[in-house]
Structures are given as structure tokens and as C-alpha cells.
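Report on the following structure.
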Amino acid sequence: MINNKGKLIIAAYRLPFKIVYQNNHRELFQNSGGLVSAVLSLSTQKNYPFSGNISWVGHSENTALELQELTHEAGPIDAIPVTIPAEINALYYEGFCNDLIWPLFHYFPSEANFDKTYFEAYQAANQLFADKIAEITEPGDTIWIHDYQLMGLPALLREKFPGNTIAFFFHIPFPSFEIFRLLPVSWRKYLIDGILGADLIGFHTNDYVRYFLGTVQRLYPQYEQRLHYLNLGNRLVEIDAFPISIDFNKFDDAYQQPEVVKIRTEIKQHIPHKIIFSVDRLDYSKGLLHRLIGYELFLENNPGWRGKVTFLMVVVPSRDTIGQYQQMKTETDMLVGKINARFGEINWQPVIYQYRSLPFEELAAMYSASDVALITPVRDGMNLVCKEYVASRHDNRGVLILSEMAGAAAELSEAILINPTDNDDTANAIQRALEMHPDEQEGRMKALRQRLRIYDIDTWTNDFFAQLSSLETEQERLKHTYLKGKTMRDIKEKYANAASRIIFLDFDGTLVPIERNPQEVRLSEDMAEILRRMVAGNTVVIVSGRDRRFLEREIGRLPVYIVAEHGALVRDIDTRLWTPVYDSMDDWKGAIRPIMDLFVARCPGAFVEEKETSLAWHFRVVADKQYAQRRANELSWQLHNFLHPELNLQIINGNKVIEVKKTHYNKGTAALSFLENKPYDFILAMGDDTTDEDMFEALPETAYTIKIGEDLSAARTHLPSQKDVLPFLKSLLASPGKL
Ligand code: ADQ
């Protein structure tokens, strides 16, 4: 895993501890939520990848001193409180977080309040977190930030600590762009820039990953996306799905615990027929009202089940100081009353409704006593209740009815999946679950349990940190170190002492600056002069993607090797004749050209460029970038279907261009063909473009590879800009050489 690490810092809105005063006695309560268990189990692992105690930074009403005294002996977590003044906290937490982001991201835009003071408080609170974390951060520390309350924090920390690893995990749904775009423009930018300050960004499901990447693409079309990676130019960010899980063994073991067995027996005695169970926080996203209406419809449609089933609905109080929540509680109370009044009998109550928090043993007993779990949120990032229910069913019995709107539905396909707002669907699912044959129940439950047993909370944390570790390796590989000081001395010394040298130089962006109009590019006299001097004692090869006509015009007069069209054509230094790397290269164009032309017609502004050895479909100048990108994806897909391996063609998705050319050659193969003909003990390659990466990757380890600019690269060193190329080459030639 990760080597020579500093400590792990966790930032989440809440601290995992709270001090409660009872009868003049102080007591420390440790929250047992999923994240806390994950962190605790991580800290006890043999190959724990960090050093020292974990610092957990979070809002608290307790002082640092109180917490220190009590948590000192409590275990591996040091609690570090952030003090947020009450008036800011109200606008930040109850306001921006729970009166705007929570409803909006759960697809309740009509419940969202876009208040300017909320946003100001959100920024202020994120800054308070950043300041507190800055007090304790040291080089090598990893900072893991959680959830929608702290979206601005990764960027605030990145600015202060560019060298530290920062990870971010988002626990609620990330919505599609149509919802996200409802936010004011500057808020959107603050939130997305904020999250992108992290190195690794985790969501529960692949859908949320897609929506996030889609949003970034709308805001920043210039960031290149490849698989799960986003290239910000000077930094690589990974965005991936890590479905959070639970402590499977804790719930599984509970089945046989004496206290749980006792409570389960009591429940079964008290309710001597089928039990449907649900437990949630009070929240409109949890679908309580729809669930009750679905159950009512089930009783209406199935008179035979009346008196033989009870719905045990437990709701844990939450956010009930907010108006919407109070109203929801009243509506729930009324609906329960209505169902009980409509169907209840002297010795049968259709709904037993409890508004309270349950201790663990009681929760485990209810899970294992029930015949059906009815978990029907209208939106839920993941939903842990359904996973806890499955883990509690050590007996392999019970049926899970689960909303398809919960993130967990992507993993738990053996549940009966329903649309929670479709009352008929809910009612039918209840009937089907109650009447399901025990063999079928067992088959489904075993499959669900097997999956959760493997992907439990420990696997989740390990998966997350393993990704972080391999991302760090990738970032290290692509990191840019500028060519100066010792590396510069080293390269000059090697140059001076070498017996046989070869130098590969890209043209645009390396020997000449990038111009808006590519045809207007001219090689400067200074650069031409350096190249002429360089030829004495060096094999000089100019490697370009341009066609040979252009290259003849611009550099034809120079006594150098020239490689055109990414390695397809080579001009000899002595004969000055061009040779194609492959014969009869363009017999394939007749088949590809009509496909590209069709896409020109379907995408106004796009055009086809016919090079000697390739065909390129350009869409840089198309006004509607989104539309053009879609067409480009479509074209690329059609071409992929068309290109059989025997055609020996490849598709290159370049920067706003899709190019088809013969496989087997690129700037890398072109460079290698020179090395095959003669041994060299000094190899240098310079370039700025993505196609130069083939050259950097292909050349031997001993080669000096230099990327122009800050973009991530496989080259070992960088020069900041094209302007630095001439001074560098001059200084190289000034090295006192053997030759
Ligand atoms: P929550 O919205 O809180 O979490 P959930 O994932 O279901 O939702 O977790 C609820 C937890 O509270 C469960 O562990 C459950 O056992 C417990 N709980 C619920 N009712 C209870 C009661 N009456 N008494 C005692 N305990 C009760 C947010 C996101 C979710 C995401 C989690 C984790 O909204 O989508 O799954 O974070 O990332």
C-alpha cells in the first residue's frame, strides 16, 4: 500500500464523539455510524498504511480540552473540534446544506431555497475547516474529506498543501446536470472547483460518477477525460464508484446473541403473524408517505391478508427543527391514524408506528424477526438499512423490497426492486414478498448475503485506499520536474562525453510556437541557425504530425532527417527523398471518407482533412461543443464497428479531431527505427503534444525526454514553455563536446 506515510486526517461535518452530562457526570458517546466503524477497523489493520493516531476534524459543541481529556484513552482517534459560530452554522448547516443541497441533490428542487446568505455561510464554514486542518497538517499526511457539507474544502486545502494527498467521498446522490445547473453560476463553479481539489473522488454508484463527470465536462470542456481519470493539465484526478458497505459480521453475529434472541422472541409473541418492517430517519427522501399509501393499497386489494400482517414502521427523529420535517411528521402521523382507523380491528393494528431511535440489539432483533423489509426511499445515496437487514438474516430467510432509487439497488439485484412512487408496484411487491416460497426466499437471500459478506466495510476502505495508492504511483510517474540545476548539469555532461548522439525534435509547440492559423507558422532564423549548428556532430530528426508539403516548405532547406504525418513518411538526410513506411497506404481511404463526409453533413462546422497517410475529421470550430462531442463519439463508434483488424487501421481521438491512420506507426515507432540502424549513447527527445508521448514511452530508459509545458507526461523532465527551447538548445550546444 502507501509507503512512508504521515497521519490520516478525516474531515466530516460531525465529530464521531459527543460529551453528555448526566447527574453531574460527564460521559463520552461514540457514534457507531458506518464511517466510524470503517475508520476504526482501518486503524486496527496489520498493514495500516498511515502512522500515528487518526485526527478527526469536525464540528462540535464541546471544547477541544473537554474532548481531549475524554478521548485520550478512547482509542486511535483524536477529536479536533471546529468551532462554527451559531449564526453561521444555522445558515451553513441548516441552510445551505439541508435547505438547499440536500433537497436539490435528492431531486426535490421545489423544496430547495437558493438564499445568498446560505452560500456566504457555506464558504465561511468551509474556510473554518480549512484553517483548523492547516494547524495540524504536516508533509506526508493524507486528508480524507466527507460529504456535501465540505465540497469547497478540497480546493482550499490543495492551495495550501499542494503536495499532500487529498481524497473526497460523497455520501449522497450526485444529480444529473439538469438539476445541478439550477444552482447560480458562481456557486456551481465554487462547488466543482472545490471538489476537484481532491486527488481521488469517490461516489456510491457509477451513475453518480457519470453525472459528476458530465457536469465537469459542461463546465470545463478543456479537461480531458479518460476512463475514470480527469486531466486538469497539471494534475491527474481519479473519479470512481465505491459503494459503501456495513460491518457484515456485526449484524450476522447478532442473530445468535442472547439479548437479540430474547427481544426477537418477544416481538414474535406480541405479533403472532407476518411482519413487514422499515426503519429510517425522518426525511422526505425516505419515501415514508408513499410507503404507507402502497401498504394501504395492498390491504385494500388483498382482504384475505387483513388481520394476518402488521407493518412495523420505526422512524428516528431527525432535523425536526426544520419546518418541512415537522410537516412531514404530522402527515405521517395522520396517514398511520387513517390506515389504522380504516382497517384496524379490536385485536389487530395494521401499522405499529414508533418515533424513536433504537438501540443496536433491538434493531437487530427487528430485522431478524420480520418477514419482509420494505425499504422504499424516493432517493437515497446508498441506503445502509437494506444492507443491515440482509446481514442480519443469518437464517437466510426474509424478503427485501427495495426502491430502485436507492444507490444500493445497483448491487442488490436479488431484492424485489420497485418504483417507490408507483403505489400499485409497491402493493403488488408486498403481496409477492408475503407469498414467496421459502426456497425462493433462501435462494435470493443467500446471493445477497454472499455479495455483502465479500464487499463489507473493510473491503470498502481497502478498495478506496488501494485506489488512492495506485493513483499516487501514477501521479508520481507523470509528475513534472523542471529541467534545471543538477538535471541540467547532468544532461550537459552526458552530451559532452557521448560518442554518438541523436536528437528528436517535435515541430509545432517545440521548435515554433503554436499559432491560431497553422499555415502561418514560420521557423525563426535563430532556431534555424541552432539546427544548422546542431547537425554537426549529431543526428537530428524533426518528428512532426504535419504533411510533407508543409514540412518541405518550412524546413526542407535544413540538412536534417524529417519525419512527417506522425511517422508515416521519412525524408532521408542525404538523398532528401521521402519514403513511406508502408506501401500502397491509401487504398483504404475510399471506404472511410464517405463515413466522415456524412458526419460533416450532420455536424455543421466540422470538416475532413485528407493527409497523405491519414484522414482527419476536425470539429474544433463547431459552435455547439457538446453536440460536436456527441457526433464525434458517434463517428468514433461507427468507425470502430467498421474497422476490421485485417484493415490495419487505427482511430486516434485527438484534441477535437478524430483521425484514422494505419496502425503500426507513430512517433514512437519512427524514433525507434533510427535507433535500430545505429547505436547511440546520447538520446534526447523533445515535444509538447500528446502524440509525442508515443516517442517518450518508446525510447529506452537512458534517453532524456523533455515535455514542453506543464501537461502530464511520460517524459522525465519538463521545460515550462516553448520560449525556453531555444536557450536550452543553445546551452546544450555550448557544452564542451568530444566531437
Ligand atoms: P442516511 O440518510 O442516514 O445516510 P442510511 O444509509 O440508511 O441513511 O443510514 C441510516 C443508519 O441509521 C443505518 O445504520 C440505520 O441502522 C440507522 N437507523 C435508522 N433508523 C434508526 C432508528 N430508528 N434507530 C436506530 N438506528 C437507526 C447517508 C446517505 C445514505 C448513505 C449513508 C452512508 O443519505 O444514502 O447510505 O449516508 O454513506
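FYI, the numbering just counts along the sequence from 1. Both counts, for ligands and for their atoms, begin at 1 and track the order of listing. Keep in mind it's a predicted model, so treat the numbers as computed, not measured.
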When only distance counts, is [X] in polar contact with ligand 1, meaning an N/O pair under 3.5 Å?
| X | answer |
| --- | --- |
| G381 | yes |
| L358 | yes |
| M382 | yes |

Separation between SG of C386 and CD of E411, rounded to the nearest 0.5 Å |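 CD of E411 is found 8.5 Å from SG of C386.
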
What do you reckon, does Y355 put a non-hydrogen atom under 4.0 Å from ligand 1?
->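 The answer is no, since Y355 has no heavy atom less than 4.0 Å from ligand 1.
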
Say whether Q354 and ligand 1 are in contact under the criterion: heavy-atom distance to a ligand atom below 4.0 Å.
->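 Q354 does not count as a contact of ligand 1 under the 4.0 Å cut-off.
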
Considering all heavy atoms of both residues, which atom of F464 and which atom of F168 are nearest to each other, and what is their separation?
->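 Closest approach of F464 to F168, heavy atoms only: CZ-O, 4.1 Å.
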
Within ligand 1, which atoms have a heavy atom of [X] less than 4.0 Å away?
| X | value |
| --- | --- |
| S357 | 23 (N), 24 (N), 25 (C) |
| V279 | 19 (C), 20 (N), 21 (C), 22 (C), 23 (N) |
| V314 | 23 (N) |
| I244 | 38 (O) |
| L363 | 16 (O) |
| R281 | 1 (P), 2 (O), 3 (O) |

Is there a donor-acceptor pair under 3.5 Å between the side chain of [X] and the backbone N or O of [Y]?
| X | Y | value |
| --- | --- | --- |
| R264 | A365 | no |
| N383 | A408 | no |
| R14 | S60 | no |

Listed by chain and number, what are the ring pair (Phe, Tyr, Trp, His ring centres under 6.0 Å) partners of F174, not counting sequence neighbours?
->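 Only F105, F170, F180, F203, F212 meet the ring pair (Phe, Tyr, Trp, His ring centres under 6.0 Å) criterion with F174.
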
Ring pair (Phe, Tyr, Trp, His ring centres under 6.0 Å) against H270, all qualifying residues, sequence neighbours excluded |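 Checked H270 against ring pair (Phe, Tyr, Trp, His ring centres under 6.0 Å); zero matches.
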
Within reach of ligand 1, part of [X] (heavy-atom separation under 4.0 Å):
| X | result |
| --- | --- |
| V385 | both |
| I246 | neither |
| K286 | side chain |
| R356 | backbone |
| W102 | side chain |
| L384 | both |

Who's closest to atom 35 (O) of ligand 1 heavy-atom-wise, of L282, L35, V316, D380?
->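 It is D380 that holds the nearest heavy atom.
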
Within 45° cone and under 6.0 Å: K250 NZ/CZ vs F360 ring =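 Yes, K250 lies over the aromatic ring of F360.
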
Aromatic centroids of F465 and W460 separated by under 6.0 Å |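 Between W460 and F465, the centre distance exceeds or equals 6.0 Å.
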
Between F119 and Y190, does the ring centroid distance fall short of 6.0 Å?
->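 So the answer is yes for these two rings.
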
Just wondering, are more than 12 heavy atoms of other shown residues or ligands nearer than 6.0 Å to CD in E404?
->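 More than 12 heavy atoms, drawn from other residues, nucleotides or ligands, come within 6.0 Å of this atom.
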
